[in-house]
Number of protein chains: 2
Amino acid sequence: MDKPSPTARARAAKRAGRGAVTLSDVAAAAEVAPITVSRAINRPESVSDALRARIRAAIDTLGYVPNRMAGALASAKTGVIPVIVPSLSNVVFVEVIEGIQETIETRGYQMLLGSTDYDLDREAALVATLLGWAPPGMLIAGLRHLPRTATLLRNAGVPVVEFMEHGARCIDMNVGLSHYRAGAAMAEHLLTRGYRRIGFVGVRVRDDYRACQRYEGMHRRILEVGGAEDVLFDYSGGVGQDIGWRALGDVLAMRPVIDALFFANDEMAVGAILRAQRDGIAVPGRIAIAGFNGLPMSALVTPALTTIISPRKLIGRRAAELLLARIAGERPGRRRFDVGFRLEVREST
Amino acid sequence: MDKPSPTARARAAKRAGRGAVTLSDVAAAAEVAPITVSRAINRPESVSDALRARIRAAIDTLGYVPNRMAGALASAKTGVIPVIVPSLSNVVFVEVIEGIQETIETRGYQMLLGSTDYDLDREAALVATLLGWAPPGMLIAGLRHLPRTATLLRNAGVPVVEFMEHGARCIDMNVGLSHYRAGAAMAEHLLTRGYRRIGFVGVRVRDDYRACQRYEGMHRRILEVGGAEDVLFDYSGGVGQDIGWRALGDVLAMRPVIDALFFANDEMAVGAILRAQRDGIAVPGRIAIAGFNGLPMSALVTPALTTIISPRKLIGRRAAELLLARIAGERPGRRRFDVGFRLEVREST
DNA sequence: GCGCAAGATGGTAGCGCTGTCAAACCCTGG
DNA sequence: CCAGGGTTTGACAGCGCTACCATCTTGCGC
């Protein structure tokens with residue numbers, strides 16, 4: 001048999017070896033040095049038109065896809081940014097993630113997504129694994145972590161943005177809103193409207209640190225007012241609207257004195273409103289209902305839901321921008337951003 | 001100055017170099033060969049207890065995190081599985097993703113998430129980039145891709161599962177349901193109930209291939225019945241409930257003969273129901289409403305929504321399992337799975 | 001026509017890890 | 001006390017790519 005053609009050789013290598021066309025294959029096909037191919041790909045302007053064309057042709061015929069591992073290893077630049085959130089089922093995180101995605105993608109980064117299911121041990125494990133990708137930075141939801149997680153992150157020597165809630169102590173940078181103040185604001189509103197027995201409804205509130213803070217903010221404010229009191233309803237399973245639906249029934253049956261319910265999120269609150277509709281319970285006449293997040297749906301139910309609007313997409317974008325700026329070597333003046341919130345008073349209170 | 005100690009050298013390397021503790025640093029600290037550290041991490045049983053303990057101690061004190069790039073490059077095993085979906089705003093994809101995540105995570109894989117925003121060119125670009133991670137397999141939503149995307153995928157020489165819809169022609173493997181049949185099933189139901197002027201409401205239906213198929217399935221069935229007809233309402237912007245809300249208004253005002261609306265998803269359908277509630281429009285008396293997906297919410301609105309339940313999490317799990325099996329070298333008997341759907345008739349039709 | 005700067009290309013080494021095979025070690029039975 | 005087998009440890013090379021520096025070309029002013 002005679003000498004195989006370059007194409008045939010490439011194909012053989014592809015099948016036999018690790019199953020991929022490499023930069024050297026392209027170089028051989030284009031009859032240039034490997035490094036030139038690398039340049040043609042990464043800084044096209046530094047290669048002459050003629051060569052660039054020849055190389056691109058070779059790339060196309062061979063179907064070459066650069067191996068990013070090798071590139072990352074050689075250049076110590078990863079192009080992957082890990083994002084850690086507690087849950088994907090919650091729309092809220094998804095919106096933040098979208099904000100992040102939009103922002104980092106235009107700058108050529110890829111998102112590595114991890115979810116902890118509100119478990120701090122899993123979070124620590126996840127951080128360790130993801131750090132293994134030698135990322136240029138890291139985005140992680142929340143300010144509360146295990147000590148070892150914080151240590152890992154600090155030692156990694158890369159910028160870290162903790163997003164969602166705003167607080168005094170952060171590992172590196174922080175973008176979010178004060179859930180404590182949000183809770184207090186809602187309490188204030190409900191008290192002003194004359195409600196005095198207020199229930200807070202959540203799921204696994206102990207684990208959901210931010211919901212917990214909203215409750216605390218509310219609780220503190222209510223304590224300050226004579227004759228007012230609150231109750232915490234902490235469900236352990238279920239999701240969103242189902243919980244709200246159930247909770248409304250439970251509360252009316254078992255704690256009829258309650259005159260207002262502040263739900264940990266809009267989904268639950270909407271569930272409660274739908275239940276009220278179905279069962280003919282007057283809202284806010286018999287009981288007031290409030291939510292948190294400001295999902296579009298909250299404006300569409302009848303009665304329209306009083307809620308606190310959180311700028312979720314903004315959090316994602318801001319967090320990503322901050323991280324990218326730091327990765328690019330800039331030193332932003334501020335490391336902590338309070339994106340704020342807005343109390344949207346509607347018909348349900 | 002005299003020669004720096006290994007430890008000092010390691011520390012210096014850490015600060016100066018790439019900013020990370022390497023396997024060699026650990027080896028130096030534990031006074032063993034690098035390869036032994038590698039073994040202690042990857043196959044602990046093949047290292048004596050004494051050494052293993054010493055190595056683990058060194059790892060902990062130094063805060064070593066293995067560099068997965070290097071590992072992947074050396075072993076040609078990646079541990080990253082790319083997942084490509086058209087959108088993250090749609091809960092449906094999120095649920096599928098959760099199913100995938102759950103499944104691959106327990107097997108030590110990480111998910112690399114990409115979203116195309118229903119743009120096939122972006123999809124092609126994304127596939128190319130993600131293939132650069134030399135993944136052991138790939139999960140991609142949908143069966144319709146650009147020819148060059150399919151070529152890339154086929155040439156990559158790794159298993160690929162196309163999920164969401166079920167169809168005859170797939171690149172490698174396929175898990176999903178027939179949207180065409182789902183549309184036909186809903187048409188059948190509406191016709192049986194006596195509706196004859198049926199509208200289909202979607203957003204960017206041309207791009208949303210699956211919605212399009214549902215419409216086609218419905219359309220075909222309706223054509224078969226004398227005196228029945230359908231109209232396609234294709235909105236170009238907005239999301240979920242807002243669209244449904246608007247669409248109901250538009251249809252009643254501009255095409256009052258329409259007696260039933262089949263929405264591209266439950267979110268829109270619920271939006272329409274909420275609008276009907278608010279405006280006192282009788283559903284299904286004045287107009288029937290149906291959705292698609294079977295979100296929990298669909299059962300809670302009044303009237304409860306007739307919809308088609310799609311097994312989203314199952315799709316994710318099944319797709320991931322199939323892929324993992326193939327990655328593990330198994331040859332599953334079947335390459336295409338129809339997970340089916342269920343028409344859930346409720347009050348709104 | 002020559003010298004020099006700027007631009008285009010290539011050679012070499014090494015990123016951090018693991019596969020492969022070789023060497024060193026340990027224990028047992030005769 | 002030693003051969004023989006298994007177990008534990010190590011040396012070496014190389015994964016695919018890029019940083020760095022060296023070399024070669026080209027064009028231009030004087």
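Chain letters run A, B, ... following the sequence lines, proteins first and then strands; every chain starts at 1. Predicted, not measured: the structure shown is a model, and the values here were computed from it.
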Paired with A/V85, the side-chain contact (heavy atoms from CB on, under 4.5 Å) test is passed by just one of A/L139, A/V96, A/I97, A/I140, namely A/I97

Pick out which of A/M164, A/H166, A/E165 makes a side-chain contact (heavy atoms from CB on, under 4.5 Å) with A/L143. A/E165

D/dT18 OP1/OP2 closer than 4.0 Å to side-chain N/O of A/K77: no

Could you check whether B/T129 and A/Q110, counting side-chain N and O atoms only, form a donor-acceptor pair closer than 3.5 Å? no

May I have the distance from B/I41 (atom CD1) to C/dT18 (atom P), rounded to whole angstrom? 7 Å

Taken in chain and number order and not counting sequence neighbours, the residues that satisfy side-chain hydrogen bond (donor to acceptor under 3.5 Å, both in side chains) with B/N90 are none

Where the side chain of A/L73 is defined as all heavy atoms beyond and including C-beta, which of C/dC17, D/dC17, C/dG16 is the nearest nucleotide? C/dG16

Name the pairs: protein N/O against N/O of nucleotides 9-12 of chain C, kept only if under 3.5 Å.
{"unit_1": "C/dT9", "atom_1": "OP1", "unit_2": "A/S48", "atom_2": "OG", "d": "2.9"}
{"unit_1": "C/dT9", "atom_1": "OP2", "unit_2": "A/S48", "atom_2": "N", "d": "3.0"}
{"unit_1": "C/dT9", "atom_1": "OP2", "unit_2": "A/S48", "atom_2": "OG", "d": "3.3"}
{"unit_1": "C/dG10", "atom_1": "OP2", "unit_2": "A/A33", "atom_2": "N", "d": "3.0"}
{"unit_1": "C/dG10", "atom_1": "OP2", "unit_2": "A/T36", "atom_2": "OG1", "d": "2.6"}
{"unit_1": "C/dG10", "atom_1": "N7", "unit_2": "A/R39", "atom_2": "NH2", "d": "2.7"}
{"unit_1": "C/dG10", "atom_1": "O6", "unit_2": "A/R39", "atom_2": "NH1", "d": "3.3"}

For the backbone of A/A134 and the side chain of A/T78, can you confirm whether one donor and one acceptor N or O come within less than 3.5 Å of each other? yes

Tell me whether the side-chain N/O atoms of A/S38 come closer than 4.0 Å to OP1 or OP2 in D/dT18. yes

From CG of B/N67 over to P of C/dT18, roughly how many Å is that when rounded to an integer? 10 Å

Of the listed nucleotides C/dG16, D/dC17, D/dA19, the one nearest the side chain of B/T22: C/dG16

Nearest-Å distance, CZ (A/R43) to C1' (C/dA8)? 12 Å

Interatomic distance, A/L23 CG vs C/dC15 P [rounded to whole Å]: 19 Å

Difference in axis direction between the ends of the helix from C/dG1-D/dC30 to C/dG30-D/dC1, five pairs, 10°: 40°

Whole-Å gap separating C1' (C/dG16) and CE (A/M69): 13 Å

In this structure, how many angstroms lie between the C1' atom of D/dG16 and the CH2 atom of B/W133, rounded? 13 Å

So does B/R326 pair up with B/D172, basic N to acidic O under 4.0 Å? yes

Whole angstrom is fine here: how far is it from CZ in A/R68 over to P in C/dG16? 19 Å

Just how far, in rounded Å, is C1' of C/dG16 from OH of B/Y64? 7 Å

Any B/N42 side-chain N or O less than 4.0 Å from OP1/OP2 of C/dT18: yes

Counting distance only, does the side-chain N/O of B/N155 pair as donor-acceptor with the main-chain N or O of B/L152 below 3.5 Å? no

Electrostatic pair B/D117:B/R122 at N-O distance under 4.0 angstrom: no

Any donor-acceptor N/O pair, A/R54 side chain to A/A30 backbone, under 3.5 Å: yes

